[in-house]
Amino acid sequence: MKVSVKKMKSIAFSLGAVVVLSAAQWSHAATAKEGEAAFMKNGCWQCHGTQGQGGIAGLKLAPNPKPLAYLNAFIRNTVGPMPPYSEKILSAEDLANIHAYLESIPAAPDPKTLPLLQVK
Ligand code: HEC
């Protein structure tokens, strides 16, 4: 069978596209997971709780986190009780991953739906 160069180029391009697309999907799926790791590594959990639930020294961050732009503005510049994190310490990518992690945290169930909490 004779395969033309043009055909071979087209096959190679399609294979490349498949690899690039699956890599993109994979890295997208990994962001919340990487964000969780960055949240732990950078000590956010020590004040905000491992689920961003707050109540330790820091505010509640999840569920329904504020937009990434807000996090970016606050975290880089805060002069309050929370230490600021420059980009040298916490990269923009890690911050975006942390935001994805906070977004992935589900809301707590309605207490009325928990059998253990119902008075009989
Ligand atoms: C030493 C404790 C401490 C650590 C560590 C810490 N925070 Fe905070 N954080 C706070 C406190 C306290 C506040 C409230 C401060 C204020 O209002 O000035 C706060 C506020 C915030 C806010 C603003 C919340 C709002 O609703 O306005 C965000 C977002 C935030 N922290 C994210 C993070 C992230 C992400 C990390 C890790 C990279 C982190 N914090 C690490 C203590 C901490």
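Just so we're clear, the structure is a prediction, and the values are computed from it rather than from any experiment. Indexing begins at 1, ligand by ligand and atom by atom, following the structure's order.
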Q: Hey, looking at atom 13 (C) of ligand 1, which of K60, H99, M82 has the closest heavy atom?
A: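 Closest candidate by heavy-atom distance is M82.
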Q: Test L71 against L102 for side-chain contact (heavy atoms from CB on, under 4.5 Å), laying out the working first.
A: CA-CA 11 Å; L71 259 69; L102 295 173; 4.1 Å; yes
Q: Pick, from F74, Y70, Y101, Y85, the option with the minimum heavy-atom distance to atom 27 (O) of ligand 1.
A: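 Heavy atom nearest to atom 27 (O) of ligand 1 belongs to Y70.
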Q: Are L61 and F39 packed together at the side-chain level, in the sense that at least one heavy-atom pair is separated by less than 4.5 angstrom?
A: yes
Q: Quick one: look up the protein heavy atom nearest atom 40 (N) of ligand 1 and list residue, atom name and how far away it is.
A: H48 NE2, 2.8 Å
Q: Looking only at distances, can you tell me whether any N or O atom of T78, backbone or side chain, sits closer than 3.5 Å to an N or O atom of ligand 1?
A: no
Q: Quick one: does T78's side chain have a donor or acceptor within less than 3.5 Å of a partner on I75's backbone?
A: no
Q: Got the closest protein heavy atom to atom 12 (C) of ligand 1, with its distance?
A: A57 O, 3.1 Å
Q: With no hydrogens and no angle check, is any side-chain donor or acceptor of N72 less than 3.5 Å from a backbone partner on L68?
A: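 No; zero donor-acceptor contacts below 3.5 Å.
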Q: Is the contact between Q46 and ligand 1 made by the side chain, the backbone, both, or neither, using heavy atoms and a 4.0 Å cut-off?
A: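 Near ligand 1, Q46 shows nothing, with every heavy atom at 4.0 Å or more.
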Q: How close does the nearest protein non-hydrogen atom get to atom 35 (C) of ligand 1, and which residue and atom is it?
A: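 Among all protein heavy atoms, the one nearest atom 35 (C) of ligand 1 is I75 CD1, 3.4 Å.
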Q: Please determine whether residues L95 and L59 belong to a single hydrophobic cluster, defined as Ile, Leu, Val, Met, Phe, Trp and Tyr linked transitively by side-chain heavy-atom distances below 4.5 Å.
A: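 No.
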Q: Determine whether the side chain, the backbone, both or neither of L95 has a heavy atom under 4.0 Å from any heavy atom of ligand 1.
A: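 Neither; nothing of L95 gets under 4.0 Å from ligand 1.
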Q: For the side chain of D94 and the backbone of L90, is there at least one donor-acceptor N/O pair under 3.5 Å apart?
A: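 Side chain of D94 to backbone of L90, a donor-acceptor pair under 3.5 Å: no, none is there.
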Q: Can you sort out which atoms of ligand 1 are near L71, meaning under 4.0 Å from one of its heavy atoms?
A: 29 (C)
Q: Has the side chain of H99 got a donor or acceptor atom that lies under 3.5 Å from a matching backbone atom of K66?
A: yes
Q: Going by the order shown, which atoms of ligand 1 are within less than 4.0 Å of some heavy atom of C44?
A: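 Taking each heavy atom of C44 in turn, ligand 1 has 34 (C), 35 (C), 36 (C), 37 (C), 38 (C), 39 (C), 41 (C) under 4.0 Å.
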Q: Under 4.5 Å between any side-chain heavy atoms of P109 and L114, yes or no?
A: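 Yes, their side chains come closer than 4.5 Å.
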Q: Among all protein non-hydrogen atoms, which one is nearest to atom 28 (C) of ligand 1, and what is the separation to 0.1 Å?
A: L61 CD2, 3.5 Å
Q: Considering only non-hydrogen protein atoms, determine which one is nearest to atom 15 (C) of ligand 1 and report residue, atom name and distance to 0.1 Å.
A: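 Result: P81 CG, 3.8 Å.
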Q: Which atoms of ligand 1 sit under 4.0 Å from any heavy atom of G43?
A: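 Result: 5 (C).
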Q: Provide, to 0.1 Å, the distance between atom 24 (C) of ligand 1 and the closest protein heavy atom, together with that atom's residue and name.
A: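 The protein heavy atom lying closest is L59 CD1, 3.8 Å.
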Q: Any nitrogen or oxygen of K66, main chain or side chain, under 3.5 Å from a nitrogen or oxygen of ligand 1?
A: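 Yes; the residue has a nitrogen or oxygen that sits under 3.5 Å from a nitrogen or oxygen of the ligand.
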Q: Taking C-beta and beyond as the side chain, do F74 and M82 meet within less than 4.5 Å on heavy atoms?
A: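 Counting from C-beta outward, F74 and M82 do come under 4.5 Å.
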Q: Counting distance only, does the side-chain N/O of Q53 pair as donor-acceptor with the main-chain N or O of Q51 below 3.5 Å?
A: yes
Q: Using a strict cut-off of 4.0 Å, indicate which atoms of ligand 1 neighbour a heavy atom of C47.
A: 1 (C), 2 (C), 3 (C), 4 (C), 5 (C), 42 (C), 43 (C)
